[in-house]
Amino acid sequence: HPDLIIVISHPFFEGVYKYASQIAPTVVLPWIEHRGNWKQHIQDAAKVLERTEMATQIMNDYNRRVQEVKQLLVNKKRSLRISFAYVASG
């Protein structure tokens, strides 16, 4: 059995909590409430897992890398090809 089950506050999972909580402690993370805010999703999960320092470090590393890439883009003289992907349910 798992030590913890994490489900998200999404209509699809409404019925899951009842069954999951019979197997192990179950936590519902706000999902719909923070729709599209992946940074908040990371913080919410980190709180539940008691890994807030790790989440902060991950976000700091991410933000530092974003700044590096922004600087590279400003300094580029030639055209730059960029790909972007967005993944979502539905």
Side-chain angles (χ1 to χ4, degrees):
H1 290 162
D3 295 321
L4 177 68
I5 298 172
I6 299 174
V7 297
I8 59 172
S9 65
H10 188 280
F12 178 78
F13 291 102
E14 285 178 5
V16 173
Y17 180 85
K18 177 182 173 184
Y19 299 106
S21 63
Q22 294 173 4
I23 298 169
T26 304
V27 175
V28 178
L29 290 182
W31 191 263
I32 298 297
E33 300 82 355
H34 299 299
R35 179 172 228 130
N37 188 342
W38 61 270
K39 293 176 183 179
Q40 186 61 50
H41 295 314
I42 289 173
Q43 293 299 324
D44 292 341
K47 262 187 232 170
V48 169
L49 299 171
E50 298 179 352
R51 298 286 194 267
T52 55
E53 288 181 20
M54 179 185 288
T56 299
Q57 183 61 49
I58 289 168
M59 292 311 303
N60 288 342
D61 292 345
Y62 168 81
N63 290 326
R64 187 171 22 264
R65 181 67 180 136
V66 166
Q67 291 306 314
E68 290 172 3
V69 170
K70 282 181 179 180
Q71 194 59 45
L72 285 172
L73 292 174
V74 167
N75 294 336
K76 282 287 182 192
K77 300 290 185 208
R78 62 181 181 86
S79 63
L80 187 64
R81 297 168 102 184
I82 298 174
S83 296
F84 176 79
Y86 178 77
V87 179
S89 64

Exercise for the section: Check whether any side-chain N or O of T52 sits under 3.5 Å from a backbone N or O of K47 as a donor-acceptor pair, and report yes or no. Expected result: no
Handout entry: E33 (side chain) donor-acceptor with W31 (main chain) under 3.5 angstrom
Key = yes
Practice task
Taking the side chain as every heavy atom from C-beta outward, state whether V16 and T26 have any atom pair closer than 4.5 Å.
Solution key: no
Handout entry: Between CD on residue Q57 and CZ on residue R64, distance to nearest 0.5 Å
Key = 6.0 Å
Handout entry: Same apolar cluster (I L V M F W Y, side chains within < 4.5 Å links), I32/L29
Key = no
Completion exercise
All heavy atoms of I42 vs all of A55, minimum pair found to be CG2-CB, 4.0 Å
Problem - Side-chain touch T56/E53, heavy atoms, less than 4.5 angstrom - result: no
Problem - Short side-chain donor-acceptor distance under 3.5 Å, Q40 and D44 - result: yes
Problem - Within one Ile-Leu-Val-Met-Phe-Trp-Tyr cluster: M59 and V66, side-chain cutoff 4.5 Å - result: yes
Exercise for the section: Please check if V48 and I5 belong to a single hydrophobic cluster, counting links between Ile, Leu, Val, Met, Phe, Trp and Tyr side chain heavy atoms closer than 4.5 Å. Expected result: no
Exercise for the section: Hey, could you give me the CD1/CD distance between I58 and Q43, rounded to the nearest 0.5 Å? Expected result: 9.5 Å
Fill in the blank from the handout: Tightest non-hydrogen contact, residues D3 and P25, listed as O-CD, 3.4 Å
Exercise for the section: Report, as yes or no, whether the 6.0 Å neighbourhood of atom CE on M54 holds more than 12 heavy atoms from other residues, nucleotides or ligands. Expected result: no
Exercise for the section: Grab the two heavy atoms, one from I8 and one from V28, that are nearest each other, plus how far apart they are. Expected result: C-CG1, 4.0 Å
Practice task
Would you give the length of the straight line joining atom CH2 of W38 to atom NE2 of H41, rounded to the nearest 0.5 angstrom?
Solution key: 10.5 Å
Exercise for the section: Answer yes if Y19 and V7 sit in the same cluster of Ile, Leu, Val, Met, Phe, Trp and Tyr residues linked by side chain heavy atoms under 4.5 Å apart, and no otherwise. Expected result: no
